[in-house]
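Right, one structure below, let's go through it.
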Protein chains: 2
Amino acid sequence: MSTAVTPDTGLAADLGWTLSVVLRAYVKAAKAATADLPGGPRGHQVLSAAAREEPGSQSALAHRLGVDRTVMTYLLDDLVAAGLVERQPDPADRRNRRVVATGRGRTVLAELDRRMRTAEDHLLAGLDGAERRSLRELLQRVAGYANDLDPIANTCEAIADIAP
Amino acid sequence: MSTAVTPDTGLAADLGWTLSVVLRAYVKAAKAATADLPGGPRGHQVLSAAAREEPGSQSALAHRLGVDRTVMTYLLDDLVAAGLVERQPDPADRRNRRVVATGRGRTVLAELDRRMRTAEDHLLAGLDGAERRSLRELLQRVAGYANDLDPIANTCEAIADIAP
DNA sequence: TATTGTTATACTCTATAACTATA
DNA sequence: TATAGTTATAGAGTATAACAATA
């Protein structure tokens, strides 16, 4: 009889609960690590995308980060004001603004990455190296398609009809 | 040379980004699965805890679910009104209210679990059985201690001082 | 007509503060 | 004094709607 195995019932078995707890702890640490950055943890994600990914439109970036395009406007306003990113016109489609990091933005990003690395190590302190790599890889696999997943239809009886 | 290995740079390498994307997709599916339940996905978590865990105080439950105790009051008001949980006096400490599921609550919970199981399978469709178990177990391990983790102190230079 | 980006507005959610009762 | 629970209020974050520019 083993102890502390994966329970198949209760909150700990709830994928939503475990994800929420882990993400909440991560956000808490990330906020501390980005306290002086406009937009906080999300500002860091914007900066990271601007520096290291193909520059797309603001809406594409907003979708990738899971925020509304109107929120992206405010977020970029602050990052531009801080001199960390620029809005560049897209020659192929003049409606688009391409988001790219400035030189200063890249310097700041390096420092932010260092802090985030420390915060992530702290969060995953209970896992060894192989387990951390495994967790990261599995999450990346799911995240790769989850962003564009449609929730399944619920052909279920209504709760109100159960044991009325 | 393998393709599509774990990148060590960019958004996909960001633990916060992958967690956010996965949790967002999960919440979207969970909301659809609990559309007719007071409190939505969080109502399900309360119901699950009330039915399957040692009944503690409202604040203890709130902390476990990562919400403020004032939010727990509203949440329970609605679940009680729906006849799914009860607030019972604690003989050992009359300040506490023990949250327990009603018979109807347990019946509804079984149906909700069935829906959530389907939603989770949909979300993890890209992983095989062993990988799903691995992901669940790793997340449970981290969630087990992450809820009471203190964010590390940042003995870092301020962003404003970098490349001024 | 559809899409990008912006702005202003309204809404939802959450936290804060004050209060009662118990310890 | 400290804590559990409740209530009312204020704040942060988010989405909605309307607009101009471009396709």
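These numbers come from a predicted model, not from an experiment. Protein chains get the first letters and strands the later ones, always in sequence-line order, with residue 1 at the start of each.
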To the nearest Å, how far apart are [X] [atom1] and [N] [atom2]?
| X | N | atom1 | atom2 | answer |
| --- | --- | --- | --- | --- |
| Gln58(B) | dA21(C) | CD | P | 17 Å |
| Arg97(B) | dA23(C) | CZ | P | 12 Å |
| Asp77(A) | dG5(C) | CG | C1' | 10 Å |
| Leu76(A) | dT4(C) | CG | P | 15 Å |
| Leu79(B) | dG5(D) | CG | C1' | 16 Å |
| His63(A) | dG5(C) | NE2 | P | 14 Å |
| Leu75(B) | dT7(D) | CG | C1' | 16 Å |

Under 4.5 Å between side-chain heavy atoms, hopping through other hydrophobics if needed: is there a path connecting [X] to [Y]?
| X | Y | result |
| --- | --- | --- |
| Leu139(A) | Val27(A) | yes |
| Met72(B) | Leu47(B) | yes |
| Val100(B) | Leu112(B) | no |
| Leu138(A) | Val142(A) | yes |

*Apply side chain to side chain contact (heavy atoms under 4.5 Å, CB included) to the pair Val99(A) and Leu79(A), showing each step before the final yes or no.*
CA-CA 11 Å; Val99(A) 180; Leu79(A) 289 170; over 6 Å; no

*Output yes when Glu111(B) and Arg114(B) qualify as a salt bridge under the 4.0 Å nitrogen-oxygen rule, no when they do not.*
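Here Glu111(B) pairs with Arg114(B) in a salt bridge, since their nearest N and O are under 4.0 Å apart.
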
_I'd like to compare against my own output: the B/S/- annotation of nucleotides 14-23 of chain D with a strict under-4.0 Å heavy-atom distance to protein._
SBBBB---BS

_Residue-phosphate contact under 4.0 Å: Thr73(A) side-chain N/O, dG5(C) OP1/OP2_ = no

*asked:* Nearest heavy atom decides the nucleotide; on that basis, is Arg87(B) or Lys31(A) closer to the 5' end of DNA chain D?
replied: Arg87(B)

